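In what follows, a structure is listed as structure tokens, so that the remarks can point back to it.
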There are 4 protein chains.
Amino acid sequence: MATRAPKKKSLIEELRRKQIVDTAIRTIATRGFANTTLNNIAEAAGVSTGVITYHFRNKNDLIEQSIKKLFEAPNEYVIGRVERQSAQSDRLRTYIEATIRFNMENRDHCVALIYSFSSITSQAHRQQVIAKHHTKIRRFLEKILRDGQAAGEFGKFDAAVLAQIVFGAIEGLLTQWVLDPATTDLARASKQLIDMVERHISPS
Amino acid sequence: MATRAPKKKSLIEELRRKQIVDTAIRTIATRGFANTTLNNIAEAAGVSTGVITYHFRNKNDLIEQSIKKLFEAPNEYVIGRVERQSAQSDRLRTYIEATIRFNMENRDHCVALIYSFSSITSQAHRQQVIAKHHTKIRRFLEKILRDGQAAGEFGKFDAAVLAQIVFGAIEGLLTQWVLDPATTDLARASKQLIDMVERHISPS
Amino acid sequence: MATRAPKKKSLIEELRRKQIVDTAIRTIATRGFANTTLNNIAEAAGVSTGVITYHFRNKNDLIEQSIKKLFEAPNEYVIGRVERQSAQSDRLRTYIEATIRFNMENRDHCVALIYSFSSITSQAHRQQVIAKHHTKIRRFLEKILRDGQAAGEFGKFDAAVLAQIVFGAIEGLLTQWVLDPATTDLARASKQLIDMVERHISPS
Amino acid sequence: MATRAPKKKSLIEELRRKQIVDTAIRTIATRGFANTTLNNIAEAAGVSTGVITYHFRNKNDLIEQSIKKLFEAPNEYVIGRVERQSAQSDRLRTYIEATIRFNMENRDHCVALIYSFSSITSQAHRQQVIAKHHTKIRRFLEKILRDGQAAGEFGKFDAAVLAQIVFGAIEGLLTQWVLDPATTDLARASKQLIDMVERHISPS
DNA sequence: AATGAATGAGATTTCATTCAT
DNA sequence: CATGAATGAAATCTCATTCAT
């Protein structure tokens with residue numbers, strides 16, 4: 001029942017912020033990162049430009065809130081589904097499937113996420129934020145692999161490195177799908193990735 | 001088979017262009033995409049602002065030349081090494097190893113490449129250029145896989161999809177390494193990826 | 001001789017106006033003139049933004065009310081004390097002492113006053129208001145000097161010019177104290193100024 | 001023969017900067033501090049707005065350069081004249097006369113200087129800059145007084161405090177003259193101030 | 001009376017591009 | 001070829017003011 005909100009935000013304030021973040025994500029997916037202005041976002045949201053700087057400290061603040069959501073939204077989706085599984089092999093498969101599915105069902109989200117790499121500036125902060133999110137997700141995957149080894153479900157392999165590979169493979173597949181959806185068959189790739197990984201980790 | 005420049009560029013002209021493109025890549029890697037101005041590049045190259053717009057039609061032209069180089073440089077490196085191998089299994093292993101190695105030895109290049117994936121502006125052109133490069137490399141990998149199947153070196157699998165996965169995995173690993181080099185062991189990941197793929201495609 | 005408000009203000013209305021003016025002065029002293037927004041003042045007063053524009057025609061109105069108070073508050077303090085003295089030499093000394101004392105006891109007031117001297121916008125009106133207040137106080141001082149001459153307490157000198165000097169000296173001392181309180185000893189300066197002026201005007 | 005210039009400025013660059021600073025001072029004197037925009041200054045200088053941010057980091061930078069000049073220009077004028085005098089009593093008189101004269105001959109300068117107090121923001125930096133300039137000038141005056149005491153030209157008094165008073169009196173007189181030139185006779189005030197001070201410090 | 005979200009005019013700032021030298 | 005000062009369009013940011021609740 002803990003209340004957060006460092007500065008007590010009103011309900012309407014929260015709604016507006018959420019609306020603007022969602023619109024920002026949509027606009028970035030449509031126009032690209034470099035080409036998205038506050039005006040574009042305001043117009044897409046049907047509000048005046050001033051509304052954005054009224055609710056966010058500045059453009060950078062809005063962008064970072066959007067990036068936060070870009071990482072958290074798929075996480076919530078995936079983690080919830082993974083945790084409903086008990087066997088680690090089911091968890092692993094669910095992790096891959098759910099991640100791919102979320103992105104297929106939310107292309108704007110996926111596109112904006114991939115684009116967000118270009119938003120990294122020399123101010124290390126932005127990079128750190130993205131890196132932290134990356135690491136967090138990768139660790140979640142790594143834990144599944146280790147738990148599976150501990151339970152005897154999986155054989156012997158370097159869990160940290162395999163987590164890197166699987167996570168990297170998914171991200172790389174999504175990048176391809178963003179750039180060239182016509183020649184990228186995410187669903188089949190998902191199946192084959194699962195198949196390959198399962199064979200790799202089987203205890204035999 | 002080298003084609004000469006269609007518009008007769010002087011030698012000094014070519015050198016300048018090359019110098020500027022290289023500096024642009026280095027600057028993007030250092031400052032991020034959104035934070036790199038023509039002045040930044042000019043300063044880093046030790047020339048005046050005007051030099052850039054003298055040698056390139058405009059900023060977009062310079063960026064596209066840089067992106068071209070970002071894709072072509074690792075390609076040359078990798079393809080050369082791959083083609084010295086005759087067995088397809090050697091080619092496949094060489095492809096993965098050489099790609100990882102080139103990027104480890106040219107971090108600026110790698111960083112700029114990852115940043116650029118999503119430097120897409122509303123001119124769909126940029127996205128098409130990147131997608132085309134992606135596809136080209138993936139096709140090269142796919143051909144190795146198919147040739148290996150034809151030669152009986154590899155077993156049965158969907159080559160197009162596996163090419164997607166392997167290519168995606170490498171790209172994803174590089175992305176992780178760009179964001180967080182400390183926790184990303186590229187060399188080990190490379191070995192394990194090769195191991196996993198080889199087991200997956202073994203004909204048995 | 002107090003005139004009632006020409007437009008019938010309720011008691012609560014008057015209290016609010018006074019509270020806001022006081023807060024404005026405090027905020028200007030804290031944040032500087034150029035850096036004080038209506039929101040800053042509202043926040044410092046613990047009220048909503050709208051309250052200010054509800055009680056004041058606009059920002060300019062609030063600022064002018066505040067400037068009015070900045071001049072009137074020390075005046076009331078000083079004039080009351082001066083008029084309790086009968087000898088003009090006592091009045092003169094009291095004038096200087098009381099002015100310095102009021103400002104030492106109300107640093108925010110003093111700071112805001114110094115800052116406001118030059119808050120002049122292109123509307124010459126603001127400058128006129130400040131000049132009028134200045135002149136009024138100077139005249140008050142001048143009268144003491146003239147009355148002293150008439151009574152034979154003081155010797156021969158140009159009263160108008162000496163009033164300028166004394167008034168200017170006090171204002172200048174306060175400015176220094178505002179800018180650099182550590183190196184400005186107002187109390188000693190006050191004594192020495194009185195001493196110097198008294199010697200200058202002594203009839204001998 | 002020491003060269004300064006931390007970053008090697010070209011001659012034309014220096015001229016432009018000087019021109020813009022001068023125009024800024026003139027514009028501030030005319031329009032007031034709060035009412036002066038970069039556009040106003042650019043227009044008055046007959047250049048485009050971009051020129052200003054090309055030659056100055058930002059508006060704040062220009063303002064601080066202008067404030068620097070506001071303090072340094074009268075200083076140079078006054079110090080040069082003072083140092084041509086050998087007797088300390090001549091130096092003191094020259095200090096007061098020259099300060100008043102410079103300001104009478106450069107009203108824009110004087111007006112902008114007085115206005116500059118309103119430019120102080122909560123960022124302590126601006127205040128410190130102004131305070132530092134103030135202190136420096138006051139110390140110069142203090143030294144004249146002490147040297148005169150050491151030479152036996154002047155009698156016994158607290159030199160630091162008298163310097164405060166004389167400096168404050170001049171500044172206060174200038175403030176009055178800025179606000180209300182019609183009723184402020186600077187020339188006569190200057191004479192009477194000298195007279196009063198000389199009597200105060202005479203050794204008898 | 002009071003609130004505070006929203007507006008929009010006007011300011012500052014950035015920067016690709018031009019052009020006289 | 002090269003320079004770098006200048007431009008001006010377009011972006012971000014600020015904030016007094018309005019207004020529905």
Side-chain angles (χ1 to χ4, degrees), chain A residues 9-13 15-17 34-42 45-63, chain B residues 10 12-13 15-16 34-43 45-63, chain C residues 10 12-13 15-16 34-43 45-63, chain D residues 9-13 15-17 34-42 45-63:
Chain A
K9 301 263 170 56
S10 72
L11 182 62
I12 192 162
E13 162 96 13
L15 283 175
R16 260 281 183 265
R17 287 173 62 90
N35 204 33
T36 294
T37 71
L38 292 184
N39 262 323
N40 297 147
I41 298 170
V47 297
S48 76
T49 312
V51 170
I52 294 180
T53 43
Y54 178 78
H55 290 285
F56 296 86
R57 215 180 355 261
N58 50 32
K59 189 185 186 184
N60 192 52
D61 185 24
L62 169 59
I63 296 299
Chain B
S10 77
I12 190 162
E13 163 96 11
L15 282 175
R16 264 278 187 261
N35 205 27
T36 294
T37 70
L38 290 187
N39 268 324
N40 295 146
I41 297 169
E43 200 180 348
V47 299
S48 74
T49 322
V51 170
I52 293 182
T53 41
Y54 181 83
H55 289 286
F56 295 87
R57 203 162 3 162
N58 51 31
K59 188 184 188 184
N60 192 53
D61 185 22
L62 168 58
I63 295 298
Chain C
S10 76
I12 191 159
E13 162 96 11
L15 283 175
R16 263 281 187 260
N35 204 29
T36 294
T37 69
L38 290 186
N39 268 324
N40 295 146
I41 297 170
E43 199 180 348
V47 298
S48 73
T49 321
V51 170
I52 293 181
T53 41
Y54 182 82
H55 289 286
F56 296 87
R57 205 164 6 177
N58 51 32
K59 189 186 187 182
N60 193 51
D61 185 23
L62 169 57
I63 295 298
Chain D
K9 300 263 170 57
S10 73
L11 181 63
I12 190 160
E13 162 96 10
L15 283 175
R16 259 282 182 265
R17 286 173 63 90
N35 205 32
T36 294
T37 70
L38 292 183
N39 263 322
N40 296 146
I41 297 170
V47 297
S48 76
T49 311
V51 170
I52 294 182
T53 43
Y54 178 76
H55 289 286
F56 296 87
R57 213 179 357 260
N58 51 31
K59 188 185 186 184
N60 192 52
D61 185 24
L62 169 58
I63 295 298

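The structure presented is a predicted model; accordingly, all values stated were derived computationally and were not measured. A note on names: the letters A, B, ... follow the listed sequences, proteins ahead of strands, and every chain is numbered from 1.
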[X] [atom1] to [N] [atom2]: how many Å, rounded?
{"X": "Asn60(D)", "N": "dT14(F)", "atom1": "CG", "atom2": "C1'", "answer": "16 Å"}
{"X": "Glu43(C)", "N": "dT3(E)", "atom1": "CD", "atom2": "P", "answer": "13 Å"}
{"X": "Leu38(D)", "N": "dT12(E)", "atom1": "CG", "atom2": "P", "answer": "4 Å"}
{"X": "Leu11(D)", "N": "dT3(F)", "atom1": "CG", "atom2": "P", "answer": "19 Å"}
{"X": "Ile12(A)", "N": "dA20(F)", "atom1": "CD1", "atom2": "P", "answer": "14 Å"}
{"X": "Ile41(C)", "N": "dT17(F)", "atom1": "CD1", "atom2": "P", "answer": "12 Å"}
{"X": "Ile63(D)", "N": "dA11(E)", "atom1": "CD1", "atom2": "P", "answer": "14 Å"}
{"X": "Asn39(C)", "N": "dA16(F)", "atom1": "CG", "atom2": "C1'", "answer": "9 Å"}

**Message:** Side chain of Val51(C), heavy atoms from C-beta onward: which of dT3(F), dA2(E), dT7(F) has the nearest atom to it?
**Reply:** dA2(E)
**Asked** Which nucleotide in the list dA11(E), dT7(E), dT7(F) gets nearest to the side chain of Val47(A)?
**Response** dT7(E)
**Request:** Scan Ile52(C) against the nucleic acid and name what it touches under 4.0 Å (heavy atoms): base, sugar-phosphate only, or nothing.
**Result:** nothing
**Message:** By the 4.0 Å heavy-atom rule, please label Thr49(B) as base, sugar-phosphate, or nothing.
**Reply:** base
**Message:** I need the single residue from Asn39(A), Asn40(A), Asn35(A) that forms a side-chain hydrogen bond (donor to acceptor under 3.5 Å, both in side chains) with Thr37(A). Which is it?
**Reply:** Asn40(A)
**Residue whose closest nucleotide on DNA chain E lies nearer the 5' end, His55(C) versus Thr37(D)** = His55(C)
**Fill in**
5'-most contact on DNA chain F (nearest-nucleotide basis), Thr53(B) vs Asn58(A), goes to Thr53(B)
**Fill in**
By nearest-heavy-atom nucleotide on DNA chain F, the more 5' of Gly50(B) and Gly50(D) is Gly50(B)
**Message:** Among residues at least two apart in sequence or on other chains, which ones pass side chain to side chain contact (heavy atoms under 4.5 Å, CB included) with Asn58(C)?
**Reply:** Asn60(C), Asp61(C)
**Item:** Arg16(A) side chain near dA5(E) phosphate (N/O to OP1/OP2, under 4.0 Å)
**Value:** no
**Prompt:** Looking only at side-chain N and O atoms, does Tyr54(D) come under 4.0 Å of OP1 or OP2 in dA5(F)?
**Reply:** yes
**Item:** Stem segments of DNA chain E by first residue number [Watson-Crick or G-U, under 3.5 Å, at least 3]
**Value:** E:2-21 with F:2-21
**Asked** Which heavy-atom pair separates Thr36(B) from Lys59(B) by the least distance, and what is that distance?
**Response** O-NZ, 3.1 Å
**Nearest non-hydrogen partners of Ile52(B) and Leu38(B), listed with the distance** = CD1-O, 3.5 Å
**Message:** Nearest 0.5 Å, please: how far is CG in Leu15(B) from NE2 in His55(B)?
**Reply:** 10.0 Å
**Spacing of CZ belonging to Phe56(D) relative to CZ belonging to Arg16(D), to within rounding of 0.5 Å** = 11.0 Å
